[in-house]
Structures are given as structure tokens and as C-alpha cells.
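To keep things clear, I will list the structure first and then write my remarks on it.
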Amino acid sequence: MKRKFVKRLAAGIFATVLMAGALTGCGSKAVENTVAQDEAVEETTAPETAEPEASTEDTGEAQTDEAAIAEGEVTTVYAATGGSPKPFTFVNDSNELTGHNIELTKAVFDKLPQYKLEIEVTDFASIFAGLDSDRYQIGVNNFAKNEQRKEKYLFTDPIFANEYVAIFAKDNKKAETIESWDDLAGLKTISQAGINITTALENYNTANPDNPIVIEYSESDLVLQIQDVEAGKYDFVLMDKPMFEYYQNEFNFNVTGITISNDVSKDLMEEPYSYLIVSAGNDQLVDDINKALKEVIEEGISKEINEKWFGSDYSPSYE
């Protein structure tokens, strides 16, 4: 573990998730939530010594070692989320941080009593700044993997199998087919700076300066973005398919979600998955998370969380 980790001994271990910080953009607000999870403590008894005349110094050392083994060692891990988009991570009406990514991360750490998890809510850009400085060890925000991120951060095994769709108003003829980026050229969209969708759009514009896709940068939440497409303010918006289905079931927008071609999809995401991002140098943390994540998936816990939020199971397969 790196220097930002805080280690301490505890006879009874509580896994507490602290959410603090101001949500910026997406109409967010400050969050406070604490979840406690009792963990069992393994009792270990040192073997009796065959030498009855042990010195006081030796006895003291033996007692200290025994106490350390019995009580265990706990490492505090700090995770950060932007608190959007819903339903992956968001603040509910009770001012509690929740969502698919949040519940799944907690389920993973329920299986890791050697760690104490604390989740903080911050603005999206600060997640990366915090990972760079190791203020945060984990980023929890339905992250896709790309080359730039792989150069700086570690990734866990996939936590979610993803797809993307292009959202158009129902009367937009462009909604008939999206075979390539050229089909979107000259159209206007809305997107958040720094996310993989925006990066892919920017990369296309750099390669095609004479016929770019018009990007308006915004921190507005995805419900408002869909509404703006529905109203004709923008031609389209790119979005995770499970997320769009969630919003469409809730709001019944007068829009169409078109599954995009493989060529466009590969530019949006190197692999069709999302991950937890881990700050550089914390390889043991990644190994421990992966072991627990596999158990969460194999035991059906991930499936339950997915079906709760999406109505379908988007758990990755390890077969």
C-alpha cells in the first residue's frame, strides 16, 4: 500500500463508508452517509514455550505478537465518485449515496475485512487528481478503459458489461442507422468534458477538421441531456445502453436509442466493460479486489444488484 493508506489495529472492525464533499454539476448536493459492517476477528493462540525460564523481555514480545495476530491489521482505503450518472452512482431523496457501482463496491469490500472503505463524493475531474496524488486509491464511476488511463492507473477486473447507444428524437431520420462516425458528422451533441465518450468525439474531430461533430460541453445530468435531444436542441447524445433503458423506463421519452456499430463502439470503449480504477502502485489492492469481485459474481450478488437497478444482469463473465 502507498503512503496515503492509514493502518491501525482494531479488536472489533467496522467497515464505515463516509461520503463527504460537494457534488458539482448535475444539480448535485453535499452528501453524508455512514454504513457500518461488523466483521469477525480471528482468534489465534501462540503455542506454549518449552522453556519455562523465558525472560521478561521475551514474554513481552510474545504477548505483543499474539495481540497483533488476534486483533488483525486494517487498512483504510479511500474511494471517490462524482455522484453521477444515475443509476451507477447518485444521491437519492434521502441524501444517501447509492446506485449500482456503489452497492457493488460495498459488496466487494464486505468480503475484505482487512480493509476499511470510505467513499467520498467529489467533482468528476477531482477523482483523477486524487488518484494521481494517492489521496484516493479507488475511482468508482463506471469507468471505461482507454490508453491514456492505462498509462497512469491500474484497473480491476471488469465490474460491468457495457454497450452504447446513440439517442435521437423519434422524428430524426439520422436515427435509422449509425454505421460510422461519418454518419454523425455535422450534427450537434452534448457531452461532459473528460469522459470517454467526449474523448472519442474529440478524436474524430481532430482527424476530420473539415466536417466535425459539434460538441457542446455541459455538466447537466443525462435526463436533461435526453430532454434536450427530445426537444430538438441537440441532434443526438451518446450514452450507455443500460443507463438509457433505465431512464426510458422511468420517463418514457419520445426518443429512439440506436445501437451503434462495432467501429464506433470500439472508439468509445477499448473493451465492452467498465472497471474500478486504482491509483498506481497499489497492486495488492487490485489483487484483493479481483478475488472478492469474482466471489461476488459467482455467488450471484452482482446479478441481484444488476437486476435491482436495470432489470437485467450485466455482470461480466469469467468463463
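The structure displayed is predicted, hence computed values, not measured ones.
In this model, no donor atom of one side chain and acceptor atom of the other lie less than 3.5 Å apart for Asn146 and Asn196. In this model, no donor atom of one side chain and acceptor atom of the other lie less than 3.5 Å apart for Asn203 and Thr206. Side chains of Ser279 and Asp134: a donor-acceptor N/O pair is present below 3.5 angstrom, by distance only. Side-chain atoms of Asn101 and Thr105 include no donor-acceptor pair closer than 3.5 Å. Side-chain contact annotation: Glu245 with Asn249, donor-acceptor N/O pair under 3.5 Å absent.
A donor-acceptor pair under 3.5 Å links the side-chain atoms of Thr156 to the main chain of Leu276, judged by distance alone. In this structure, the side chain of Asn141 engages the main chain of Ser84 through a donor-acceptor pair within 3.5 Å. Between the Asp240 side chain and the Pro242 main chain, no donor and acceptor come within less than 3.5 Å of each other. The closest donor-acceptor contact from the side chain of Glu230 to the backbone of Asn254 lies under 3.5 Å. Of the possible polar contacts, one joining the Asn205 side chain to the Ile213 backbone as a donor-acceptor pair under 3.5 Å is found.
The hydrophobic clustering, which links ILVMFWY residues whose side-chain heavy atoms are closer than 4.5 Å, places Phe124 and Leu224 apart. Residues Tyr217 and Val214 do not share a hydrophobic cluster, defined by chaining ILVMFWY side chains whose heavy atoms lie under 4.5 Å apart. Under the 4.5 Å side-chain heavy-atom criterion for ILVMFWY residues, a single connected hydrophobic cluster contains both Trp181 and Ile215.
Between Ser218 and Ile190, the shortest heavy-atom distance links the atoms CB-CD1, 3.5 Å. Nearest heavy atom pair, residue Tyr136 against residue Ile127, reads CD1-O, 4.1 Å. Nearest heavy-atom pair, Val140 versus Ala79, reported as atom, atom and distance to 0.1 Å: CG2-CB, 4.0 Å. Here the closest heavy-atom approach between residue Asn290 and residue Asp157 is recorded as OD1-N, 2.7 Å. Between Pro316 and Pro158, the shortest heavy-atom distance links the atoms CG-O, 3.2 Å. In plain terms, the two heavy atoms of Phe90 and Gly99 that are nearest each other are CE2-CA, 3.8 Å.
The NZ atom of Lys233 lies 5.5 Å from the CD atom of Glu216; values are rounded to the nearest 0.5 Å. Here Asn208 contributes atom CG and Leu184 contributes atom CG; the two are 11.5 Å apart, rounded to the nearest 0.5 Å. Going from atom CG of Asp283 over to atom CG of Asp288 covers 11.0 Å, rounded to the nearest 0.5 Å. Atom CD1 of Ile167 sits about 12.0 Å away from atom CG of Asn172, to the nearest 0.5 Å. Between the CD1 atom of Ile297 and the OG atom of Ser315 there is a distance of 5.5 Å, given to the nearest 0.5 Å. Atom-to-atom distance recorded for Asp228:CG and Asp235:CG is 12.0 Å, nearest 0.5 angstrom.
The residues Glu103 and Lys106 are annotated as not salt-bridged, no charged nitrogen and carboxylate oxygen being separated by less than 4.0 angstrom. Taking the charged nitrogens against the carboxylate oxygens, Lys294 and Glu299 have no contact shorter than 4.0 Å, which rules out a salt bridge. Salt-bridge formation is not detected for the pair Arg149/Glu151: no Lys NZ or Arg NE/NH1/NH2 atom is positioned less than 4.0 Å from an Asp or Glu carboxylate oxygen. Comment: Lys152 engages Asp132 in a salt bridge, judged by a side-chain N to carboxylate O separation of less than 4.0 angstrom.
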Q: Begin from the C-alpha positions of Ile301 and Lys111 and carry the test side-chain contact (heavy atoms from CB on, under 4.5 Å) through to its verdict.
A: CA-CA 12 Å; Ile301 299 172; Lys111 294 184 173 295; 4.1 Å; yes
Q: Go through the steps to decide whether Ile289 and Ile138 satisfy the test side-chain contact (heavy atoms from CB on, under 4.5 Å), and finish with yes or no.
A: CA-CA 11 Å; Ile289 290 174; Ile138 304 176; 3.8 Å; yes
Q: Check step by step if side-chain contact (heavy atoms from CB on, under 4.5 Å) holds for Tyr234 and Thr189.
A: CA-CA 5 Å; Tyr234 304 101; Thr189 189; 5.6 Å; no
Q | Derivation and outcome, salt bridge (charged side-chain N to carboxylate O under 4.0 Å, His left out), residues Glu120 and Arg135 | A | CA-CA 11 Å; Glu120 298 182 6; Arg135 174 184 177 184; 3.8 Å; yes
Q. Given Val229 and Phe236, is the side-chain contact (heavy atoms from CB on, under 4.5 Å) satisfied, shown in steps?
A. CA-CA 6 Å; Val229 170; Phe236 74 97; 5.5 Å; no
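The 12-atom threshold is exceeded at NZ of Lys170, counting heavy atoms of other residues, nucleotides or ligands nearer than 6.0 Å.
Tyr275 and Phe155 have their aromatic ring centers within a separation under 6.0 angstrom.
Of the residues listed (Phe310, Tyr314, Trp309), the one engaging Phe88 in a ring pair (Phe, Tyr, Trp, His ring centres under 6.0 Å) is Phe310, and it is the only one. Tyr204 pairs with exactly one of Asn211, Asp267, Asp182, Thr199 by the side-chain hydrogen bond (donor to acceptor under 3.5 Å, both in side chains) rule, that one being Asp182.
By the 4.5 Å heavy-atom criterion applied to side chains, Gln114 and Glu73 are not counted as neighbours.
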